[in-house]
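Presented below is the structure to which this report refers.
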Amino acid sequence: MSLFFYLFFGLVGLLLVLFAWSVRNLGKRGKTIADAGALEECGRGHVVHLPQIRQALAETDYSYLSQKAPAFVSRRIRQERRRVALAYLSALRADFQSLLRMAKIIARLSPEVVALHEFERLRLTVAFAWRYQMVRLQLGAGLMPIPRLDGLSDLVSGLSVRMETAMNELGERAVLAAEMASSFDGRGSDVA
Amino acid sequence: MAEIVTVEKALWALCVLLTAGLFALLLYRKNHRVYPFLFTYVLITLMQNPVLFATYRVWGFDSPASTNIAWGVQGLVVAARALAVAEICRRVMGMYRGIWALAWRMLLVIAGLVLLYSWAVARPRWQAAILNSDRGIELAIAGVIVMVFLFAQHYEIQVAPADRYLAIGFLLFSCFTVLNNTLLEGWLERYETLWNLFGTLAFMASLLIWIWAVRETQEEGSLQPEMLSGVAYCTLAPEINFRLKTLNEQLGKLWYSEAKKH
């Protein structure tokens with residue numbers, strides 16, 4: 001059996017797997033621009049709890065408890081903190097995805113898209129997914145100390161706010177454009 | 001061997017019936033207006049049978065004239081199938097102008113690359129040239145279908161069930177044809193009878209899927225979404241990408257810095 005024989009079989013197998021993966025959520029879909037607001041709300045939700053999460057992960061709290069509480073309590077707290085860090089990492093990913101989704105909606109509804117921006121976003125998405133999984137795996141397996149997540153959450157929070165402002169601007173522009181179009185139409189009919 | 005030939009004849013007759021049924025269903029449900037290229041493809045496939053029948057009757061099975069006509073008609077069928085697939089791609093993504101403009105260019109490039117790949121890895125034998133071409137085109141069709149659905153998945157585009165089933169039918173048939181032709185190239189003598197039989201079975205399965213897909217009347221043109229201004233994309237896309245890049249860098253720093261500690 002030659003290599004080319006297996007190459008075709010492998011390629012067809014790959015195509016079928018990719019197709020099965022791509023149609024897996026098609027039935028559940030149907031969300032439109034109307035969902036954008038809900039998405040934005042969802043994205044902001046996790047960042048709202050940032051102060052509590054910061055408190056839960058604060059190094060000073062842990063040091064104090066390690067000194068005062070027995071070893072098993074300290075161990076349990078460490079596990080809880082790890083769980084909190086994991087949950088927060090998931091929440092950050094949800095924020096990232098909802099913002100990404102917003103970007104996709106904008107691309108979908110734009111009359112022109114720039115291939116460079118689209119590929120760049122795809123690359124960033126893949127890179128984020130990879131890094132996220134690596135951090136999550138290491139954190140989950142206890143191979144990594146509980147990280148400082150402040151910088152990340154601030155960044156996502158900032159992006160959410162910027163996106164909200166941008167979407168408001170978009171809405172205003174759309175209203176303005178509609179008004180202009182209707183006034184042009186009116187003038188056109190007068191001329192005619 | 002004789003049993004295989006009998007079964008194949010029976011399946012062939014069934015295929016003709018199913019094709020005629022699909023043709024009638026497309027007309028009855030007025031879906032020929034929605035899928036004009038699919039309708040043309042089914043019509044050409046339906047016509048293929050009497051043409052081949054007449055050709056074999058006049059010139060016999062093994063004559064060069066029969067071979068030329070048979071492969072010529074097959075070429076027409078494959079071209080019609082490619083157009084029907086292009087029609088589905090347009091139905092899936094066409095309403096989103098920006099993405100579609102990007103997608104169709106990419107699909108053409110991918111189809112070209114797949115064709116090149118198919119030719120490059122095939123055995124350099126002139127006897128297998130037609131098989132290679134057929135396999136290359138089918139592989140390109142399969143690649144295009146998969147890419148369109150990957151695009152739809154990426155941009156979270158809703159695909160109508162009818163389009164999805166039609167695409168599944170085309171994809172399965174194309175994939176099966178690729179495998180079938182590859183097997184035939186490997187064992188030309190021994191596999192010839194089975195090649196026809198499996199090909200007929202695959203086509204029959206696809207026909208059943210297509211009949212299921214067009215069992216109801218489909219909407220001729222779906223509602224066009226309200227498009228944003230071009231400025232919106234130009235303003236927001238780079239901004240979002242920059243933010244995502246910074247976020248990625250932050251996550252990368254976190255990972256690498258922690259990885260260095262261990």
Side-chain angles (χ1 to χ4, degrees), chain A residues 1 4-5 7-9 11-12 15-16 18-19 21-23 25-26 29-33 96 99-104 106-115 117-118 120-122 124-125 127-128 131-132 134-135 138 143-145 147 151-152 155-156 158-159 162-163 166 170 173-174 177, chain B residues 96-99 101-102 105-106 117-118 121-123 135 139 142-143 145-146 149-150 152-159 161 164 168 171 175 178-179 182 186 225-241 243-248 250-252 254-255 258-259 261-262:
Chain A
M1 215 47 69
F4 108 101
F5 183 86
L7 276 175
F8 278 107
F9 272 76
L11 198 60
V12 167
L15 285 175
L16 289 175
L18 281 174
F19 184 78
W21 180 80
S22 66
V23 294
N25 285 332
L26 286 180
R29 234 172 258 157
K31 295 187 174 172
T32 58
I33 191 81
F96 184 92
L99 292 165
L100 203 62
R101 198 162 182 194
M102 186 77 82
K104 286 175 187 176
I106 291 166
R108 218 162 64 188
L109 298 178
S110 297
E112 269 179 66
V113 296
V114 181
H117 293 329
E118 297 306 305
E120 174 70 359
R121 196 160 54 247
L122 183 68
L124 290 170
T125 309
F128 184 88
R131 283 169 183 168
Y132 167 82
M134 295 314 289
V135 171
Q138 290 184 32
L143 297 171
M144 180 190 274
L152 279 179
L155 200 73
V156 177
L159 179 54
R162 285 295 295 266
M163 285 299 295
L170 263 179
R173 261 186 233 155
Chain B
Y96 303 106
R97 285 206 314 267
I99 298 170
L102 174 68
R105 286 176 176 89
M106 270 192 70
Y117 167 82
S118 182
V121 299
R123 287 179 182 179
R135 180 175 52 202
L139 200 58
I145 292 172
V146 171
F149 277 80
L150 284 176
Q153 166 77 19
H154 180 67
Y155 286 106
E156 300 179 4
I157 292 171
Q158 198 179 10
V159 181
R164 204 185 325 153
I168 289 171
L171 178 73
C175 286
V178 171
L179 298 183
T182 307
E226 194 73 33
M227 300 301 267
L228 297 170
S229 71
V231 184
Y233 177 84
C234 293
T235 318
L236 285 171
E239 166 78 2
I240 294 167
N241 281 5
R243 295 279 169 173
L244 292 178
K245 192 177 171 185
T246 320
L247 191 59
N248 248 306
Q250 291 286 323
L251 193 59
L254 175 84
W255 180 31
E258 297 302 338
K261 286 180 190 173
H262 288 81

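Reckoned from all heavy atoms, side chains included, excluding hydrogens, waters and symmetry mates. A note on names: the letters A, B, ... follow the listed sequences, proteins ahead of strands, and every chain is numbered from 1.
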Fill in: Pair B:Val178-A:Leu11, side-chain contact (heavy atoms from CB on, under 4.5 Å): steps then yes or no
CA-CA 10 Å; B:Val178 171; A:Leu11 198 60; over 6 Å; no

Practice prompt. Would you check, one step at a time, whether the test side-chain contact (heavy atoms from CB on, under 4.5 Å) holds for A:Leu18 with B:Phe149?
Written response: CA-CA 9 Å; A:Leu18 281 174; B:Phe149 277 80; over 6 Å; no

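The parts of B:Leu150 that come within reach of chain A are both its backbone and its side chain, each placing non-hydrogen atoms under 4.5 angstrom from that chain. For a residue to count as touching a neighbouring chain, one of its non-hydrogen atoms must lie under 4.5 Å from one of that chain's; by this rule B:Ile99 touches chain A with backbone and side chain alike.
Distance check: B:Ile240 CD1 to A:Leu124 CG gives 11.5 Å after rounding to the nearest 0.5 Å. One distance of note links CG of B:Leu179 with CZ of A:Phe8; it measures 10.0 Å at 0.5 Å rounding.
Judged purely by atom type and a 3.5 angstrom limit, A:Lys104 uses its side chain to pair as donor or acceptor with the backbone of B:His154.
Annotation: side chain of B:Ile145 is in contact with side chain of A:Phe19 (closest heavy-atom distance under 4.5 Å). Taking 4.5 Å as the limit, some side-chain heavy atom of B:Leu139 sits within range of a side-chain heavy atom of A:Leu15.
Here the closest non-hydrogen pair linking A:Ser22 and B:Gln153 is O-OE1, 2.9 Å.
A cation-pi geometry, defined here as NZ or CZ lying under 6.0 Å from the six-membered ring centre and within 45° of its normal, holds between A:Arg108 and B:Tyr96.
Listed options B:Met227, B:Arg105, B:Met106 were ranked by heavy-atom pairs under 4.5 angstrom with chain A; first place goes to B:Met227. Chosen from A:Val12, A:Thr125, A:Leu122, the residue pairing most often with chain B at heavy-atom distances under 4.5 Å is A:Val12. Looking only at heavy-atom pairs under 4.5 Å with chain B, the residue among A:Pro111, A:Ser110, A:Ala115 that has the most is A:Pro111.
Contacts of A:Arg121 classified as salt bridge (Lys or Arg N to Asp or Glu O under 4.0 Å), with partners at least two apart in sequence or in another chain: A:Glu118.
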